[in-house]
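Just below is one structure, and these are the notes that go with it.
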Protein chains: 2
Amino acid sequence: MNQNSKIKLSFKQKMMLQREAQIIQTVNGLLATKGYDAMTVDEIADSVGIAKASLYRHFPSKEALAVAALINTMENSLEQIQALNETSLSALNKLKNITQWVMRLKLNQQMPNLPSENSMLREHLLTHDSYMDLLVNMSDSIGEWIEQAQAERQITTSVTPLCILYTLYAKACDPVLGFLKISGLYDEEQIIEMVTSTCFNGIGHREH
Amino acid sequence: MNQNSKIKLSFKQKMMLQREAQIIQTVNGLLATKGYDAMTVDEIADSVGIAKASLYRHFPSKEALAVAALINTMENSLEQIQALNETSLSALNKLKNITQWVMRLKLNQQMPNLPSENSMLREHLLTHDSYMDLLVNMSDSIGEWIEQAQAERQITTSVTPLCILYTLYAKACDPVLGFLKISGLYDEEQIIEMVTSTCFNGIGHREH
DNA sequence: GTCTATACCGAGATAGAC
DNA sequence: GTCTATCTCGGTATAGAC
């Protein structure tokens with residue numbers, strides 16, 4: 001992603017990177033709206049505006065395209081996390097903040113949908129080093145927030161940190177967001193508000 | 001589903017229904033583990049133990065197979081709901097009960113995974129009368145529980161009933177269940193317990 | 001690096017015998 | 001109603017010219 005900060009690139013190389021960024025954005029959108037299986041390479045090529053064969057000069061396979069998009073999203077997420085770590089927000093508010101950031105991505109159909117369990121792509125991701133590195137980094141950072149928030153009694157200790165981590169990750173593919181949007185009854189901020197509430201406050205009754 | 005309660009059937013017809021039940025069970029399992037796109041008709045046939053062409057004598061298409069499995073699951077769910085309505089449980093406990101029932105199905109890979117948004121199958125379901133009838137029935141019943149529980153101040157009124165309904169529906173495809181299971185750290189009851197807690201109590205801190 | 005044209009294959013669906 | 005064998009089509013990937 002950041003080669004251009006290391007060495008001077010020729011004009012052609014810059015164009016190349018820009019095109020690949022464009023491809024990744026397209027793939028990201030298609031993964032978000034249709035998912036991996038339903039997305040076709042023809043579609044990607046048409047949407048980008050180049051021939052399919054040209055696409056294969058940039059990425060060796062459909063899987064590689066998806067992985068590149070997923071890694072891109074992970075990198076963006078990590079940037080968000082690092083930015084939050086620069087702030088003086090409480091651990092709880094960092095957790096809420098990143099969760100809402102992810103939900104906005106999902107609502108705007110920019111959060112890629114991973115295929116269901118037992119898929120080839122998932123298997124492949126687990127063996128993909130740089131992807132796993134990013135994932136581990138992310139889990140570590142968020143895990144720290146969770147433990148800190150628990151220590152400060154800002155979030156519950158009645159479930160384990162791992163369960164909380166997964167619960168937050170799950171917001172990246174929460175169908176509730178889409179359903180509420182389709183209903184047409186709420187605007188984006190109301191949806192974010194409600195789902196944040198069900199996530200942190202639960203649907204059970206609370207005093208005050 | 002209940003033709004056999006209406007009229008006397010020949011032996012052959014009974015065998016037929018049994019076979020179709022067997023097919024539906026197989027499809028249900030495959031939908032739960034692999035999802036619609038990844039599931040192949042060859043797989044279904046092999047798993048049932050008949051030839052693919054025979055399968056097509058029972059159901060006209062792959063889509064019809066999936067719809068039959070989905071309707072079957074809906075019928076089972078409605079039975080559960082009706083059984084709960086026979087009890088004297090509070091509305092809150094009925095909601096918890098049906099939610100946990102659904103989560104057990106999901107944990108045991110018997111809850112079919114619908115494909116991602118914008119799929120053909122989803123479109124088709126929306127125009128499928130008997131499926132929509134079941135869905136509306138279910139939503140009405142659960143909707144009543146929600147409103148009753150809100151009136152009794154057992155669940156929150158800070159989000160709308162619709163949001164709560166969707167939040168509960170979402171438990172049928174909650175990836176947290178599978179992730180916690182894969183982690184190998186918890187048994188089924190612990191997982192149900194934790195996810196129920198995050199759902200009804202939230203992950204935010206609660207007094208007492 | 002981009003294109004057009006094509007190879008190849010997996011998977012849904014069907015033909016036709018028994 | 002079940003089978004084997006086959007058709008067909010869509011979709012991934014590649015060949016080869018420019």
Side-chain angles (χ1 to χ4, degrees), chain A residues 3 9-24 26-27 30-31 33-70 115-116 118-125, chain B residues 3 9-24 26-27 30-31 33-70 112-113 115-116 118-125:
Chain A
Q3 288 96 328
L9 296 176
S10 72
F11 179 73
K12 260 199 163 176
Q13 286 171 311
K14 280 181 190 171
M15 290 303 294
M16 176 90 172
L17 285 177
Q18 190 188 333
R19 168 131 297 178
E20 295 192 350
Q22 184 189 2
I23 293 172
I24 287 176
T26 301
V27 172
L30 287 170
L31 282 179
T33 50
K34 317 187 63 172
Y36 181 74
D37 289 323
M39 168 184 81
T40 73
V41 178
D42 289 271
E43 226 171 3
I44 301 168
D46 288 353
S47 182
V48 173
I50 61 176
K52 185 160 54 168
S54 306
L55 208 54
Y56 276 97
R57 293 280 168 181
H58 292 275
F59 297 91
S61 68
K62 180 184 178 183
E63 236 188 30
L65 282 161
V67 170
L70 289 170
S116 61
N118 301 19
S119 77
M120 284 291 93
L121 179 55
R122 236 183 234 281
E123 306 288 311
H124 189 226
L125 280 174
Chain B
Q3 290 95 328
L9 296 175
S10 71
F11 179 73
K12 261 198 162 177
Q13 286 171 313
K14 280 182 189 169
M15 289 304 295
M16 177 89 173
L17 284 176
Q18 189 188 333
R19 169 130 296 178
E20 293 191 353
Q22 183 189 2
I23 293 172
I24 287 176
T26 301
V27 171
L30 287 169
L31 282 179
T33 51
K34 317 187 67 173
Y36 181 74
D37 289 323
M39 169 184 81
T40 71
V41 177
D42 289 272
E43 226 171 1
I44 301 168
D46 288 352
S47 182
V48 173
I50 61 176
K52 184 162 54 169
S54 307
L55 209 55
Y56 276 97
R57 295 281 169 178
H58 293 274
F59 297 91
S61 68
K62 180 184 179 184
E63 237 188 30
L65 282 161
V67 170
L70 289 170
N113 279 330
S116 62
N118 300 19
S119 76
M120 285 291 94
L121 179 55
R122 237 185 234 279
E123 305 288 313
H124 188 226
L125 280 174

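Here is the naming used below: chain letters follow the sequence lines, and residue numbers restart at 1 for every chain.
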Practice task
Let me see the working for A:R19 and A:M16 under side chain to side chain contact (heavy atoms under 4.5 Å, CB included), right down to the final yes or no.
Solution key: CA-CA 5 Å; A:R19 168 131 297 178; A:M16 176 90 172; 5.8 Å; no
Exercise for the section: Might you confirm whether atom CD of A:Q18 has over 12 heavy atoms from other residues, nucleotides or ligands at distances under 6.0 Å? Expected result: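 No - once you tally the heavy atoms of other residues, nucleotides and ligands closer than 6.0 Å, there are 12 at most.
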Practice task
Please report, rounded to the nearest Å, how far the P atom of C:dT4 is from the CZ atom of A:R57.
Solution key: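 It works out to 14 Å between those atoms.
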What are the atom names and distances for every N/O pair under 3.5 Å that joins the protein to nucleotides 6-11 of chain C?
none

Handout entry: A:K34 (side chain) donor-acceptor with A:T40 (main chain) under 3.5 angstrom
Key =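 A pair under 3.5 Å: no.
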Exercise for the section: State which residues pass side-chain contact (heavy atoms from CB on, under 4.5 Å) with A:S47; sequence neighbours excluded, sorted by chain then number. Expected result: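 side-chain contact (heavy atoms from CB on, under 4.5 Å) check on A:S47 returns A:T26.
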Practice task
Determine, stepwise, if the pair B:Y36 / B:N113 fulfils side chain to side chain contact (heavy atoms under 4.5 Å, CB included).
Solution key: CA-CA 7 Å; B:Y36 181 74; B:N113 279 330; over 6 Å; no
Practice task
Flag the pair A:M15 / A:K12 as yes when at least one side-chain heavy-atom distance between them is below 4.5 Å, and no otherwise.
Solution key: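 Not in contact.
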Exercise for the section: For the residue pair B:F59 and B:V41, establish whether any side-chain heavy-atom pair is separated by less than 4.5 Å. Expected result: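 The answer is no, as the side chains (C-beta and beyond) never meet within the 4.5 Å cut-off.
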Problem - Heavy-atom closest pair, residues A:A45 and A:A51 - result: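 Distance-wise, the nearest heavy atoms are CB-C, 4.0 Å.
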Practice task
Under 4.0 Å from any heavy atom of chain A: name the first and the last nucleotide of DNA chain D that qualifies, 5' to 3'.
Solution key: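 From 5' to 3', the first and last contacting nucleotides are D:dG11 to D:dG16.
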